Amino acid sequence: MDTSVVEGGLNVTLTIRLLMHGKEVGSIIGKKGESVKKMREESGARINISEGNCPERIITLAGPTTAIFKAFSMIIEKLEEDISSSMTNSTATSKPPVTLRIVVPASQCGSLIGKGGCKIKEIRESTGAQVQVAGDMLPNSTERAITIAGTPQPIIECVKQICVVMLEVSPPKGVTIPYRPKPSGSPVIFAGGQAYAVQGQHAIPQPDLTKLHQLAMQQSPFPIAPNNQGFQAGMDSSAQTSSHELTIPNDLIGCIIGRQGAKINEIRQMSGAQIKIANQVEGSTDRQVTITGSPAGISLAEYLINARLSSEATGLAAN
């Protein structure tokens, strides 16, 4: 680590959060955890890797700046090594850059970008790394991702400069809600009236989904989603977005919307899909409902809508 950065007041305790794909994390952990153990021992930094069966994981580096940057350099070198080894059987002529994302409080991003983008431009020019600050916050958090790409040395220099800015700026405003990657969706199967989530070789009973499935199957006035043998519970961000349309009678639309839109908002949140209800067409007794999202989200939204219709139909039959 160059001494000028230390002399610039950066020799303090620091925390850096990296957002990485599962495959990259596996490489950093190494066989039986040997790789990450070596990084911890040689750098002296605390390296924590978030748990969970997630497509993305958070790697947190904490400790004095000298230890942090030693650990960070070792991570970058490992990613560079992986790219080089993947190139051996590749026909590509140019080597792709190392790309990583760090996660920072959104309230500090303004200082990092600078007036008219001057600060981020200065960092790009002085380090030679490509830097991009995401416009939107990461889901369910008040943090944004900063993507950095290039060769190892420019990336390390770039992160040092970002840390200097973050430390010089006043602390993050308000409460920071850290980004926590969501587990990848497990396939769900229905058998004997029960719902099971498939995890590896095991099928785990899912009481909430069982109840939902039973509701949806009871006297449903509309056909259930064609793939009602199972759907993906949980959103896969890489899944292709598509649309699906339902036709629902006007007199039943209210039970889906709920009081002040409470029910439709609940269905949107649970499924992660967008749901649009068309305005009533004169002379028509039906309304068009368009569901947009991943196939998993559309399936789940359809189940939830059918569950509402079923309970309404059951209530009407009881009266």
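Numbering of residues begins at 1 and proceeds along the displayed sequence. For clarity, every value in this text was computed on a predicted model and none was experimentally measured.
To the nearest 0.5 Å, atoms CG (L100) and CD1 (I155) are separated by 5.0 Å. Taken to the nearest 0.5 Å, the CZ atom of F69 stands 9.0 Å off from the CD1 atom of I156. Between the CD atom of Q288 and the CD1 atom of I248 there is a distance of 9.5 Å, given to the nearest 0.5 Å. Atom CD1 of residue I16 and atom CD1 of residue I47 lie 11.0 Å apart, to the nearest 0.5 angstrom. To the nearest 0.5 Å, atoms CD1 (I253) and CD1 (I264) are separated by 7.5 Å. Taking CD1 from I102 and CD1 from I162, the interatomic distance works out to 4.0 Å, rounded to the nearest 0.5 Å.
Contact record, T292 with S243: OG1-OG, 3.2 Å, taken as the closest heavy-atom pair. Residues M166 and P105 come closest through the heavy atom pair CE-CD, 4.1 Å. When all heavy atoms of Q161 and S126 are compared, the closest pair comes out as NE2-OG, 3.1 Å. Shown here for D286 and P249, the closest heavy-atom pair between the two residues is OD1-CA, 3.4 Å. Scanning both residues, S111 and V165, for their nearest heavy atoms gives O-CG1, 3.9 Å.
Counting heavy-atom neighbours within 6.0 Å of R40 CZ, excluding the residue itself, gives a total above 12. Around atom CG of N250, more than 12 heavy atoms belonging to other residues, nucleotides or ligands sit under 6.0 Å away.
At a threshold of 4.5 Å between non-hydrogen side-chain atoms, the residues R268 and Q274 do not count as touching. No side-chain heavy atom of S85 sits less than 4.5 Å from a side-chain heavy atom of E81. Here the side chains of L19 and I58 are in contact, with some heavy-atom distance below 4.5 Å. Here the side chains of R101 and H21 are in contact, with some heavy-atom distance below 4.5 Å. Between L14 and C163 the shortest side-chain heavy-atom distance falls below 4.5 Å. Counting only heavy atoms from C-beta outward, the side chains of I275 and I256 never approach each other to under 4.5 Å. Looking at T99 and L79, their side chains never come closer than 4.5 Å, going by heavy atoms from C-beta outward.
For the residue pair T176/T142, the side-chain donor-acceptor check at 3.5 Å is not satisfied.
Paired with V36 under the rule side-chain contact (heavy atoms from CB on, under 4.5 Å), one option of I49, I75, N48 passes, and it is I49.
Here side-chain hydrogen bond (donor to acceptor under 3.5 Å, both in side chains) pairs that include residues 22-34, with residues two or more places apart or in two chains, are S27-K78, S27-D82.
Under the 4.5 Å side-chain contact rule for hydrophobic residues, L112 and V103 do not share a cluster. One hydrophobic cluster, built from ILVMFWY side chains closer than 4.5 Å, cannot hold both Y179 and M20; they sit in different ones. Residues I177 and I146 are members of separate hydrophobic clusters, defined by side-chain heavy-atom contacts under 4.5 angstrom among Ile, Leu, Val, Met, Phe, Trp and Tyr. Residue V25 is grouped with residue I83 when hydrophobic side chains (ILVMFWY) are merged at heavy-atom distances under 4.5 angstrom, including chains of intermediate members.
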Per-pair distances, 0.1 Å, donor-acceptor, side chain in residues 127-138, under 3.5 Å, sequence neighbours excluded:
residue, atom, partner, partner atom, Å
T127, OG1, I123, O, 2.7
T127, OG1, A129, N, 3.2

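Ion pairing of E41 with K38 is absent here, as no side-chain N (NZ or NE/NH1/NH2) approaches a carboxylate O to less than 4.0 Å.
For the pair R57 (side chain) and G22 (backbone), a donor-acceptor distance under 3.5 Å is absent. Under the 3.5 Å distance criterion, the side-chain polar atoms of R17 are left unmatched by any main-chain donor or acceptor of P178.
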